[in-house]
Amino acid sequence: VLVLTHALAHRMAELSRAYVREVNARSLTPSFLLARAMLEGGCLAYDLTLRIAEALKADSTSTLPDLDEHLTRVMHGAKSKKWRPNEDDPEAVNILTVLDRVARELGPAFRQNFEDMCEFAHPNAAGVLSSYGDLDTVRHIQTFDAEPARSMDGDRVVSWHLRTTVVALAVFSTAQTLRDHQMPRFISLCERELFEQGTWPRDVSYPRKPA
């Protein structure tokens, strides 16, 4: 859990720096792509806190194997079959499944926010024709613009992806706070499993005494 969340923090920091560069450069599509990627990272971190909360609520070590499998798929999984040559190689978790779990907790507007980003990130109407040209329906002429963000209403354009970025970072930060609060109890639950399975170190007292 700690390794995954630390790696996610590095990814979110890198994406954030890239987002700032692209926004300052008045880029359009890259800003939407980066905002969506940050929202996915925030979802993954928040979903992990939900799964830990479920394990703690159950207060049973029987919940840990499923969590372990999920972590294995997230950390070591891949989508391409070429990247999974062995039969037991883990398949990556579908980020849309993760996003839907988080949306059930945070509300439907969260899911809609992601879908808005996808409209610009994919080669849909918003991401291609509407972004790089303007159709004159009277003269039936399409006028293209290679740098649309520079000619469009800046505040209106930026507000779309900026909103998602703010939400993504807020969700990620909240997940970190929740996880810090969860960790003492979660560590105790994991230690209990080691003890129940007979793999607890012989030279360490159980339960461990607080430091």
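Checking side-chain atoms of His140 against main-chain N and O of Thr137 turns up a donor-acceptor pair under 3.5 Å. No donor-acceptor distance shorter than 3.5 angstrom exists from the side chain of Thr199 to the backbone of Phe195, with no hydrogens or angles considered. Not a single donor-acceptor pair under 3.5 Å links the side chain of Asn124 to the backbone N or O of Ala126. Judged by distance alone, the side chain of Arg84 and the main-chain N or O of Ala78 form a donor-acceptor pair under 3.5 Å. No donor-acceptor pair closer than 3.5 Å links the side chain of Asn86 to the backbone N or O of Asp89. Proximity of a side-chain donor or acceptor of Asp68 to a complementary backbone N or O of Leu64 within less than 3.5 Å is not detected. The backbone N or O of Ala92 sits less than 3.5 Å from a side-chain atom of Arg73, completing a donor-acceptor pair. Proximity of a side-chain donor or acceptor of Thr5 to a complementary backbone N or O of Leu2 within less than 3.5 Å is detected.
In this structure, OG1 on Thr165 lies 9.0 Å from CG on Leu39, to the nearest 0.5 angstrom. From Tyr206, atom OH reaches atom CH2 of Trp200 across 7.0 Å, with rounding to the nearest 0.5 Å. A distance of 11.0 Å separates OG1 of Thr177 from CD of Gln182, quoted to the nearest 0.5 Å. Atoms CZ and CD1, on Arg185 and Ile52 in that order, are 11.0 Å from each other to the nearest 0.5 Å. In this structure, the separation between CG on Leu56 and CG on Leu189 is 6.5 Å, given to the nearest 0.5 Å. Here the CG-CE distance, from Leu8 to Met75, works out to 9.5 Å after rounding to the nearest 0.5 Å.
Among all heavy-atom pairs drawn from Met117 and Ala35, the shortest one is SD-CB, 4.2 Å. The two residues Thr29 and Gly127 come nearest to each other via the heavy atoms OG1-O, 4.4 Å. For the pair Cys43 and Val102, the tightest heavy-atom approach, listed with the atom from each and the gap, is O-CG2, 3.5 Å.
Salt bridge absent: Asp100 and Arg104 never bring a charged side-chain N and a carboxylate O closer than 4.0 Å.
The side-chain contact (heavy atoms from CB on, under 4.5 Å) test applied to Glu22 returns Ser27, Pro30, Ser31, Leu34, not counting sequence neighbours. Applying the side chain to side chain donor-acceptor pair (under 3.5 Å) test to Asp88 and every residue at least two apart in sequence or in another chain returns nothing. Taking the side-chain contact (heavy atoms from CB on, under 4.5 Å) definition, one finds that Ala125 meets it with nothing, sequence neighbours left out. Listed by chain and residue number, Arg111 satisfy the side chain to side chain donor-acceptor pair (under 3.5 Å) test with Glu115 (two or more places apart in sequence, or in another chain). In terms of the ring-ring contact (aromatic ring centres under 6.0 Å, His included) criterion, residue partners of Tyr19 (sequence neighbours excluded) are, by chain and number, His161. Partners of Glu54 according to the salt bridge (charged side-chain N to carboxylate O under 4.0 Å, His left out) rule, which considers only residues two or more places apart in sequence or in another chain, are Arg101.
For the pair Glu193/Pro65, a side-chain contact is recorded, criterion being any heavy-atom separation below 4.5 Å from C-beta on. Proximity of His122 to Arg36: side-chain heavy atoms (C-beta onward) are separated by under 4.5 Å at one or more points. Two residues are said to be in side-chain contact when any heavy atoms from C-beta on lie closer than 4.5 Å; Arg11 and Glu14 fail this criterion. Between Thr61 and Gln197 the shortest side-chain heavy-atom distance does not fall below 4.5 Å. Side-chain atoms of Phe172 and Met38, non-hydrogen and from C-beta on, never get closer than 4.5 Å to each other. Put simply, the side chain of Val128 does not reach to within 4.5 Å of the side chain of Phe120, judged on heavy atoms. Within the 4.5 Å cutoff, the side chain of Tyr46 has heavy atoms near those of the Leu106 side chain. Residues Leu96 and Phe114 meet the side-chain proximity criterion, which asks for heavy atoms closer than 4.5 Å.
Cluster annotation: Leu4 is connected to Met12 through the hydrophobic network of ILVMFWY side chains, with a link wherever side-chain heavy atoms come within less than 4.5 Å. Clustering ILVMFWY residues whenever any of their side-chain heavy atoms sit less than 4.5 angstrom apart, transitively, puts Leu71 in the very cluster that holds Ile187. Cluster annotation: Val20 and Phe32 are assigned to distinct hydrophobic clusters (Ile/Leu/Val/Met/Phe/Trp/Tyr, side-chain heavy-atom contacts under 4.5 Å, transitive). Hydrophobic clustering (side-chain heavy atoms under 4.5 Å, transitive across Ile, Leu, Val, Met, Phe, Trp, Tyr) groups Leu15 together with Leu162. Hydrophobic clustering keeps Leu129 apart from Leu28 (ILVMFWY residues linked when any side-chain heavy atoms are closer than 4.5 Å, directly or through intermediates).
The closest side-chain donor-acceptor pair between Thr143 and Asp134, if any, does not fall under 3.5 angstrom. No hydrogens or angles considered: nothing links the side chains of Gln176 and Asp180 as a donor-acceptor pair under 3.5 Å.
By the 6.0 Å and 45° rule, Arg163 stacks over the aromatic ring of Trp160.
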